[in-house]
Q: 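Below is a structure I'd like to ask you about.
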Amino acid sequence: MATSARWSMLVVGTILFVFAQHGPWYVPAAGWVYAVFLLRFARGGRVLGGTVALAVAMAVVWPLYLYEIGLPAFTPMTLLCVAIGLVMALAFLVDRLVTPRLGSAVARTVVFPAAVVGAEFALATVTPMGDVIGTMAGGQHANLALLQVTSVTGSYGVSFLMAWAASVATEVWQRWPELARVRAAVLAFAVTLGLVLVAGSVRLAASVPAEGTVRVAGVSAARSAEAAAKAVLAPGGGSLRRAAPAEVRRASAITTDDLLASTEREARAGAKIVVWPEGGTSTLASERDQLLARVADVAARTGTYVDAAFVTRQDTSGEIHNEAVMIDPAGHRAWQYRKAHPVPYMDNFAPGDGRVPTADTPYGRLANVICFDADFPALMRQQPGVDVMLVPSNDWIEFGRTHTERAVLKAVSNGYSLVRQDSRGVAMAIDPWGRVLSSADYFASDRQAMVADVPLRGSRTVYATIGDVFAWLCLAGLAGLAIVAIRRSGGRDAPVRADPAQHGADRLGSPVRL
């Protein structure tokens with residue numbers, strides 16, 4: 001491959017990478033093919049130069065992505081996103097170093113997907129961003145047959161298959177004149193993907209709720225009420241933290257009255273569980289009990305569980321707490337929960353303890369997290385046996401639908417229905433198999449209300465029991481392949497071989513130094 005052609009692979013792959021990120025510009029096919037071009041680029045030329053070029057290309061994409069989802073392109077968050085891009089680039093480096101030293105075609109094709117899973121697992125586990133960005137699987141929320149594999153592997157199984165498809169396609173492209181050398185790899189991938197899709201289709205066909213459903217409603221304050229409350233806070237710059245207590249009190253009254261009226265309306269119409277969005281209203285700390293007493297009155301009069309999400313402002317210090325309190329039909333507090341994961345550089349409040357609350361009810365075991373918490377896989381599987389996960393949320397117009405769609409993977413992985421009431425975004429109720437039961441766009445009408453009949457019982461999954469075993473197996477397998485590669489090189493600092501297409505497909509290619 002000529003140098004110009006190789007660099008064109010980087011350009012094409014980078015452009016496709018922009019559209020492979022789950023957001024308003026997302027193109028599902030791009031998520032499957034962008035890595036083919038980047039692998040072709042990475043496997044040729046010098047290791048160091050290629051890795052640096054890939055890292056730069058991935059780093060450049062992230063300011064574009066922030067712009068795509070409606071955030072400023074250059075903020076402290078940009079640096080965090082660039083770091084995520086660099087970690088993702090490591091998967092290509094690992095592939096470049098290990099793959100040429102392996103003899104088996106199957107082994108060569110699984111290096112990259114194992115490295116991708118390792119990178120995604122590290123990002124979801126140790127960074128403050130969880131898996132909200134940087135995962136190949138995120139945009140596959142509508143591919144329900146494929147998505148069922150997450151009930152065993154978590155989202156990493158989907159990412160593995162997508163990266164494996166790219167690796168196999170790259171291997172075929174490199175060795176096109178002698179396809180017999182990659183036949184085993186193609187067959188292994190095709191059989192695996194076929195089995196996953198067949199098993200997923202069977203699981204979907206057999207997924208019939210065994211114990212009926214419960215009506216759940218999500219309500220947000222009307223946009224006109226929120227505008228009126230914002231106008232009250234305007235003298236303090238619109239900030240709840242800086243507003244005078246009297247202004248907070250008046251603004252809170254507007255949204256609280258609206259939410260309580262909507263809650264009672266939906267309860268009278270048959271809802272047994274009503275969910276508010278994240279920060280649905282606000283209250284001063286000294287008046288928090290009064291707010292909850294009003295919620296308890298509605299819950300008791302209507303026989304409804306009300307998950308009231310609101311922001312509490314300390315009267316004098318201005319400190320903010322982002323919380324959700326479940327009030328049961330007896331008027332008692334079934335749980336009190338504070339958001340565990342503030343969004344970096346956006347949320348300005350102290351996090352909660354990260355203990356996911358549950359309540360056993362006639363409508364199954366209910367649980368609760370708040371918005372960004374749902375982007376942390378370990379938190380979302382913390383409590384076993386959950387039937388319905390309630391997720392009060394708040395987004396913005398460019399990211400609301402994308403963020404909610406990602407929650408589909410969490411529902412399937414953990415085997416529970418998930419109700420995400422999202423003001424300034426798309427509210428959605430999802431069953432344990434990923435089917436959308438109902439949705440409501442905050443920006444489509446003045447008053448957002450979503451009603452869904454949700455299964456009473458979840459579908460217990462392997463992933464909810466064993467956790468991230470698949471990700472650990474990928475890391476262990478990658479380590480094993482790296483050891484094999486080192487041994488095959490004789491334990492010496494052997495040269496890394498280039499893309500065989502540069503020197504003829506009948507040999508591995510000439511040595512390429514770092």
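On a predicted model such as this, the values are computed, not experimentally measured, just so you know.
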Q: With a 6.0 Å cut-off (strictly less than), is the heavy-atom count around CZ of R355, excluding the residue itself, greater than 12?
A: no
Q: Show the nearest heavy-atom pair for residues A300 and G331, with the distance to one decimal.
A: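 Result for this residue pair: CB-N, 4.5 Å.
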Q: Just checking L379: does its CG atom have more than 12 heavy atoms from other residues, nucleotides or ligands closer to it than 6.0 angstrom?
A: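 Yes, CG of L379 has more than 12 neighbouring heavy atoms, counting only those of other groups under 6.0 Å.
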Q: Treating D468 as the side-chain partner and A471 as the backbone partner, does any N or O pair qualify as donor plus acceptor under 3.5 Å?
A: no
Q: I need the minimum non-hydrogen distance between K410 and D375, along with the two atoms involved.
A: NZ-CA, 4.3 Å
Q: Heavy-atom count around F443 CZ within 6.0 Å, excluding the residue itself: above 12?
A: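 Result for CZ/F443: enclosed.
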Q: Within the 3.5 Å criterion, strictly below it, is a donor on D373 or Y337 matched to an acceptor on the partner's side chain?
A: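 Indeed, the side chains of D373 and Y337 share at least one donor-acceptor pair under 3.5 Å.
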Q: Are E226 and K230 ion-paired here, with the side-chain N under 4.0 Å from a carboxylate O?
A: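 Here E226 does not pair with K230 in a salt bridge, since their nearest N and O are not under 4.0 Å apart.
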Q: Can you tell if the side chain of F349 reaches within under 4.5 Å of the side chain of R338, non-hydrogen atoms only?
A: no
Q: May I ask you to decide whether D289 forms a salt bridge with R294, counting only side-chain N to carboxylate O separations under 4.0 Å?
A: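 Not counted as a salt bridge, because no side-chain N and carboxylate O are separated by less than 4.0 Å.
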Q: So which atom in I430 and which in M428 form the shortest heavy-atom distance, rounded to 0.1 Å?
A: CG1-CG, 3.8 Å
Q: Under a 4.5 Å cut-off applied to non-hydrogen side-chain atoms, are M136 and W32 in contact?
A: no
Q: Say whether, by atom type as modelled, one donor and one acceptor occur between the side chain of T302 and the main chain of V298 under 3.5 angstrom.
A: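 At least one qualifying donor-acceptor pair exists.
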Q: If you measure from the Lys or Arg side-chain nitrogens to the Asp or Glu carboxylate oxygens, is any gap between D328 and R333 under 4.0 Å?
A: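 Between R333 and D328 there is no salt bridge, as every charged N stays at least 4.0 Å from the carboxylate O atoms.
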Q: Going through the distances and angles, do F470 and Y156 end up as a ring-ring contact (aromatic ring centres under 6.0 Å, His included)?
A: CA-CA 7 Å; F470 178 77; Y156 306 114; 7.7 Å; no
Q: Is there a side-chain hydrogen bond (donor to acceptor under 3.5 Å, both in side chains) between D441 and Q448 once you walk through the steps?
A: CA-CA 7 Å; D441 188 341; Q448 182 194 43; over 6 Å; no
Q: Can you find a heavy atom in the side chain of W335 that is under 4.5 Å from one in the side chain of D307?
A: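 Yes, their side chains come closer than 4.5 Å.
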Q: With side chains defined as the heavy atoms from C-beta onward, is the minimum distance between Y65 and V18 less than 4.5 Å?
A: no
Q: Have S220 and S423 got a donor and an acceptor in their side chains that come within less than 3.5 Å?
A: no
Q: Does the side-chain hydrogen bond (donor to acceptor under 3.5 Å, both in side chains) test come out yes or no for T256 and T281, once each step is laid out?
A: CA-CA 6 Å; T256 299; T281 188; 2.8 Å; yes
Q: Under 4.0 Å between a side-chain nitrogen and a carboxylate oxygen: does that hold for E319 and R313?
A: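 Salt bridge between E319 and R313, a charged N being under 4.0 Å from a carboxylate O: no.
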Q: Is there a salt bridge (Lys or Arg N to Asp or Glu O under 4.0 Å) between R447 and D258? Walk through the geometry before answering.
A: CA-CA 10 Å; R447 185 175 299 279; D258 191 275; 3.0 Å; yes
Q: Contact between S413 and Y463 at the side-chain level, heavy atoms closer than 4.5 Å - yes or no?
A: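 Counting from C-beta outward, S413 and Y463 do come under 4.5 Å.
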Q: Would you say the side-chain atoms of D431 pair up with the backbone N or O of W433, donor to acceptor, closer than 3.5 Å?
A: yes
Q: Please examine the side chains of L71 and W396, heavy atoms only from C-beta on, and report whether any two atoms are closer than 4.5 Å.
A: yes
Q: Yes or no on side-chain hydrogen bond (donor to acceptor under 3.5 Å, both in side chains) for S207 and R435, after CA distance, side-chain angles and deciding distance?
A: CA-CA 10 Å; S207 58; R435 290 175 293 223; 2.8 Å; yes
Q: Give, for atom CG of L291 and atom OG1 of T312, the distance between the pair rounded to the nearest 0.5 Å.
A: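 Answer for the CG-OG1 pair, L291 versus T312, is 7.5 Å.
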Q: If I compare all heavy atoms of N394 with all of E278, which pair ends up nearest, and what's the gap?
A: N-OE1, 3.2 Å
Q: Taking all non-hydrogen atoms of both residues into account, name the closest pair between A243 and L233 and its distance.
A: CB-CD2, 3.7 Å
Q: Working note: V325 + L292, criterion side-chain contact (heavy atoms from CB on, under 4.5 Å); need CA distance, chi angles, decisive distance, verdict.
A: CA-CA 8 Å; V325 179; L292 292 176; 3.9 Å; yes
Q: Closer than 4.0 angstrom, basic N to acidic O: yes or no for D422 and R401?
A: no
Q: Are the side chains of P128 and H341 in touch, meaning some heavy atoms are under 4.5 Å apart?
A: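 Not in contact.
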Q: When you look at M88 and W62, which way does the side-chain contact (heavy atoms from CB on, under 4.5 Å) test go after all the steps?
A: CA-CA 12 Å; M88 295 170 65; W62 290 111; 3.8 Å; yes
Q: Distance check, rounded to the nearest 0.5 Å: E405 atom CD versus Q140 atom CD?
A: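 Spacing of CD (E405) from CD (Q140) equals 11.5 Å.
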Q: Quick one, D453 with R215, criterion salt bridge (Lys or Arg N to Asp or Glu O under 4.0 Å). Give me CA distance, side-chain angles, the key distance, then yes/no.
A: CA-CA 4 Å; D453 293 318; R215 177 157 293 190; 3.2 Å; yes
Q: Under the side-chain hydrogen bond (donor to acceptor under 3.5 Å, both in side chains) test against S393, which residue among Q421, H403, R424, R420 passes?
A: R420
Q: Main chain of A244, side chain of E247: is a donor-acceptor contact present, judged purely on distance under 3.5 Å?
A: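 Yes.
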Q: Which value, rounded to the nearest 0.5 Å, describes the distance between T304 atom OG1 and R268 atom CZ?
A: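 These two atoms lie 8.0 Å from each other.
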Q: Can you tell me how the ring of F121 sits relative to the ring of W472, calling it parallel under 30°, perpendicular over 60° and tilted otherwise?
A: perpendicular
Q: Give the intermediate values and the outcome of side-chain contact (heavy atoms from CB on, under 4.5 Å) for residues N368 and V356.
A: CA-CA 6 Å; N368 184 104; V356 175; 5.9 Å; no
Q: Does a salt bridge link D315 with R249, judged by any charged N lying under 4.0 Å from a carboxylate O?
A: no
Q: Which atoms form the tightest heavy-atom contact between T150 and S155, and what is the distance?
A: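 Smallest heavy-atom distance, with atoms named: CG2-CA, 3.9 Å.
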Q: Can a salt bridge be assigned to the pair R223 and D446 using a cut-off of 4.0 Å between side-chain N and carboxylate O?
A: no
Q: What verdict does the side-chain contact (heavy atoms from CB on, under 4.5 Å) test give for L144 and L147, after you've listed the backbone C-alpha separation in whole Å, the side-chain angles of each residue and the deciding distance to 0.1 Å?
A: CA-CA 5 Å; L144 294 188; L147 221 61; 4.2 Å; yes
Q: Can you measure from CD (E266) to CE (M450) and round to the nearest 0.5 angstrom?
A: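 Output value for this atom pair is 10.5 Å.
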Q: Main chain of V311, side chain of N322: is a donor-acceptor contact present, judged purely on distance under 3.5 Å?
A: no
Q: Atom OH of Y26 and atom CD of Q21: how far apart are they, to the nearest 0.5 Å?
A: 9.0 Å
Q: Verify side-chain hydrogen bond (donor to acceptor under 3.5 Å, both in side chains) between W276 and T263, making sure each step is shown before the conclusion.
A: CA-CA 9 Å; W276 293 6; T263 298; 2.9 Å; yes
Q: In terms of relative ring orientation, are W25 and F19 parallel, tilted or perpendicular, with 30° and 60° separating the classes?
A: tilted
Q: Taking side chain as C-beta onward, heavy atoms only, is L456 less than 4.5 Å from T213?
A: no
Q: Looking at NE2 of H321 and OG of S282, how far apart are the two atoms once the value is rounded to the nearest 0.5 Å?
A: 14.5 Å
